Amino acid sequence: MRHLSWIVTIPVALVAILFAISNRGIVTLSLWPLPFTLETPVYLATLIALVVGFVAGGFIVWNSQRRHRRRARREGNRVLYLERELKEAQARAAAAEKRLAESTRPVSGPVSGTLPGSTLPVAAAQGSAPTVH
């Protein structure tokens, strides 16, 4: 990228220098409603007009892109907000899983009503009906 800018800048600078050397005649500039006049070389008037046009064009383009920059800024802020929310949700989920694991872990030995080596409850006797509360 840096080399590309030099490839463009050097020829433009050479053209500007050659233009300035070739056009050293004097021109009188005046703006009709104002009483001021200015005598300046042609190259200076032309180069100043080009610079003013370049700056004005840059401002117009920059101003027309304002909507896109604003949207990108909002979306960037939204991404940061959602990433923070995701981290908080992951932390809450990890804490909840830890609490669940601690609450379901037997303290010592098998829990009554379960088979040894299993955490599944023992089936009730075949003839008894389920209790409804």
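The model shown is predicted, which means the values in this text are computed figures rather than measured ones.
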Counting only pairs under 3.5 Å, give me each side-chain donor-acceptor contact of residues 4-13, with atom names and distances, residues two or more places apart or in other chains.
| residue | atom | partner | partner atom | Å |
| --- | --- | --- | --- | --- |
| S5 | OG | R2 | O | 2.7 |
| T9 | OG1 | S5 | O | 2.6 |

Partners passing side chain to side chain contact (heavy atoms under 4.5 Å, CB included) against L100 (at least two apart in sequence or in another chain): S103, T104

Identify every side-chain donor-acceptor pair in residues 17-24 under 3.5 Å, counting partners at least two apart or on other chains, and give the distances.
| residue | atom | partner | partner atom | Å |
| --- | --- | --- | --- | --- |
| S22 | OG | L18 | O | 2.9 |
| N23 | ND2 | F19 | O | 3.1 |

Under 6.0 Å from the NE2 atom of H68, do we count more than 12 heavy atoms belonging to anything else shown? yes

List the atom pairs, with distances to 0.1 Å, where a side-chain N or O of residues 39-65 and a protein N or O form a donor-acceptor pair under 3.5 Å, not counting sequence neighbours.
| residue | atom | partner | partner atom | Å |
| --- | --- | --- | --- | --- |
| T46 | OG1 | V42 | O | 2.9 |
| N63 | OD1 | R66 | NH1 | 2.9 |
| S64 | OG | I60 | O | 3.4 |
| S64 | OG | V61 | O | 2.8 |

List in chain and number order the residues that pass salt bridge (charged side-chain N to carboxylate O under 4.0 Å, His left out) with E75, two or more places apart in sequence or in another chain; answer none if no residue qualifies. R71

Distance-only donor-acceptor hits, side chain of residues 78-94, under 3.5 Å, sequence neighbours excluded:
none

